[in-house]
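Predicted model only: the values in this text are computed from it and were never measured. Whatever order the structure lists ligands and atoms in, that order sets their numbers, starting from 1.
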Amino acid sequence: MSTSGSVLQVGPLKPSLAKTLADDYAARTLPESSAERAAFLAEHGADVTAVVTSGRTGVDAGLIAALPNLGAVINFGVGYDTTDVEAAAARGVGVSNTPDVLTDCVADTAVGLLIDTLRQFSASDRYVRAGRWPVDGSYPLTRQVSNTRVGIIGLGRIGSAIAHRLTAFGCTISYHNRHQVPDAPYAYAASPVDLAGGVDVLVVAAAGGDGTRGLVSAAVLDAIGPQGYLVNIARGSVVDQEALVSALVNGRLAGAGLDVFADEPKVPEELFALDNVVLLPHVASGTVQTRAAMEALTLRNLDSFLATGALVTPV
Ligand code: 8YV
């Protein structure tokens, strides 16, 4: 489908998606620098009816205000915490995301990261590569995964898929969520501290944004305790990162597996030397198959909006 240049790309996107937007939709790209941006918006702002962005960048209230004819913000990714949904709603601007298509890969990553963190496979690999096995002998013993007690914060699509996988490992699952989930076969904890106090591993799968900022606080980390682990595949903002680093550096937490950070791509360097911490560069949905499905759903939302004004997967 082609349009008269009414589509605006905001922030970097998957190269094939950016190419399709430019070639087939005559999309323009919002300049990075603020000086160029102001001139661009003065010239083209009123033409824009649809923005395509990702969770990395998003659309804030200022940008929404500068686009008087905007009708939709189409987000590549399930998380849309970088877009000001309230400001969009106040203007009648729809927001879509890419749910479901990435659930399996993100849940796979959560389980892989959990296993790597408890069993220290990444650290063991480094041990072999550094030539330490013949010199220092067997790698130190690690923590069993199967039959552990796992608490999940956020029992949505992804949290439920993680719970389902870990059930097959014989893990006992409990969860905390804004609301208790009807018919969920897992024990509900009324608060994150209550949940953390009764588990060996706390997995964060809650949406980011102001509603969950710092939900995993210093008190929650203390409740997990020196024998417990944290795994985060959600958003860095859900965890008090300063408190987490301090707990890990001081041995008040047994370990952590982190795919997301407070200020990506910056990762606290204090963690680099810790073998009980696994650090991933926000790759949970990063497979060829899932990213292609996310791209296709992003374009379905754009096509639907341009043709009918309605989004396929509104948030
Ligand atoms: C993507 C994600 O890496 O979907 C999300 O919310 O965090 C990831 O799947 C990201 O959105 C791409 O920018």
Side-chain angles (χ1 to χ4, degrees), residues 8-21 27 29-30 32 50-60 63 72-85 88 95-113 152-162 165 203-213 215-216 231-239 241 257-267 278-302 311-315:
L8 179 66
Q9 175 181 339
V10 175
L13 291 173
K14 186 171 186 274
S16 56
L17 175 57
K19 184 172 181 339
T20 301
L21 292 177
T29 302
L30 187 67
E32 296 269 328
V51 162
V52 182
T53 187
S54 82
R56 278 169 67 181
T57 316
V59 178
D60 61 17
L63 183 53
V73 174
I74 293 158
N75 185 59
F76 175 89
V78 72
Y80 49 87
D81 47 305
T82 51
T83 286
D84 192 328
V85 179
V95 179
S96 68
N97 66 344
T98 62
D100 300 315
V101 292
L102 45 60
T103 298
D104 282 335
C105 269
V106 177
D108 292 352
T109 302
V111 173
L113 188 52
I152 299 178
I153 294 201
L155 198 72
R157 298 177 183 89
I158 293 170
S160 299
I162 295 167
R165 283 159 173 73
V203 177
V204 186
D210 289 340
T212 57
R213 197 172 304 283
L215 194 64
V216 178
V231 171
N232 188 3
I233 48 76
R235 285 290 183 264
S237 61
V238 185
V239 177
Q241 184 165 284
L258 306 171
D259 184 47
V260 289
F261 301 88
D263 184 20
E264 295 172 9
K266 291 188 193 135
V267 175
V278 181
L279 303 168
L280 299 182
H282 199 149
V283 294
S285 70
T287 64
V288 171
Q289 293 73 19
T290 284
R291 288 287 167 83
M294 291 164 67
E295 179 171 355
L297 184 52
T298 300
L299 290 172
R300 272 180 59 211
N301 272 293
L302 180 59
L311 294 161
V312 182
T313 48
V315 304

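- Remark: minimum distance from atom 11 (O) of ligand 1 to any protein heavy atom is reached at F76 O, 3.5 Å.
- Closest to atom 9 (O) of ligand 1, if we only count protein heavy atoms, is S285 OG, 2.6 Å.
- Remark: minimum distance from atom 2 (C) of ligand 1 to any protein heavy atom is reached at H282 NE2, 3.6 Å.
- At a heavy-atom distance under 4.0 Å, only side-chain atoms of R235, from C-beta outward, approach ligand 1.
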Audit row: V101, V78, side chain to side chain contact (heavy atoms under 4.5 Å, CB included) steps and yes/no: CA-CA 9 Å; V101 292; V78 72; over 6 Å; no
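- Between the side chain of N75 and the main chain of G58, no donor-acceptor pair closer than 3.5 Å is present.
- Comparing N75, T109, V78 by heavy-atom distance to atom 4 (O) of ligand 1, the nearest is V78.
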List the atom pairs, donor and acceptor, that lie under 3.5 Å between side-chain atoms in residues 279-289 and the rest of the protein, sequence neighbours left out.
from	atom 1	to	atom 2	distance (Å)
H282	ND1	E264	OE1	2.7
H282	ND1	E264	OE2	3.4
S285	OG	R291	NE	3.0
S285	OG	R291	NH2	3.0
T287	OG1	T290	N	3.1

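- Each of the following atoms of ligand 1 lies closer than 4.0 Å to a heavy atom of M294: 9 (O).
- Regarding atom 3 (O) of ligand 1, its nearest protein heavy-atom neighbour is R291 NH2, 3.1 Å.
- Distance from atom 13 (O) of ligand 1 to its nearest protein heavy atom, with residue and atom name: S54 OG, 3.3 Å.
- Residue-to-ligand polar distances keep L102 apart from ligand 1: every N/O pair is separated by 3.5 Å or more.
- Close contacts of ligand 1 with G79, meaning ligand atoms under 4.0 Å from a residue heavy atom, involve 4 (O), 5 (C), 6 (O).
- Between N232 atom CG and F261 atom CZ the span is 8.5 Å, to the nearest 0.5 Å.
- Expressed to the nearest 0.5 Å, how far CD1 of I74 lies from CG of L299 amounts to 9.0 Å.
- Checked options T313, N301, L297, V312; the residue passing with T98 is L297 (criterion: side chain to side chain contact (heavy atoms under 4.5 Å, CB included)).
- At distances below 3.5 Å, not a single donor-acceptor pair connects side-chain atoms of D81 with backbone N or O atoms of A207.
- Near G77, the atoms of ligand 1 lying under 4.0 angstrom from a non-hydrogen atom of the residue are 4 (O), 5 (C), 11 (O).
- Shown here are the side-chain hydrogen bond (donor to acceptor under 3.5 Å, both in side chains) partners of T29, two or more places apart in sequence or in another chain: there are none.
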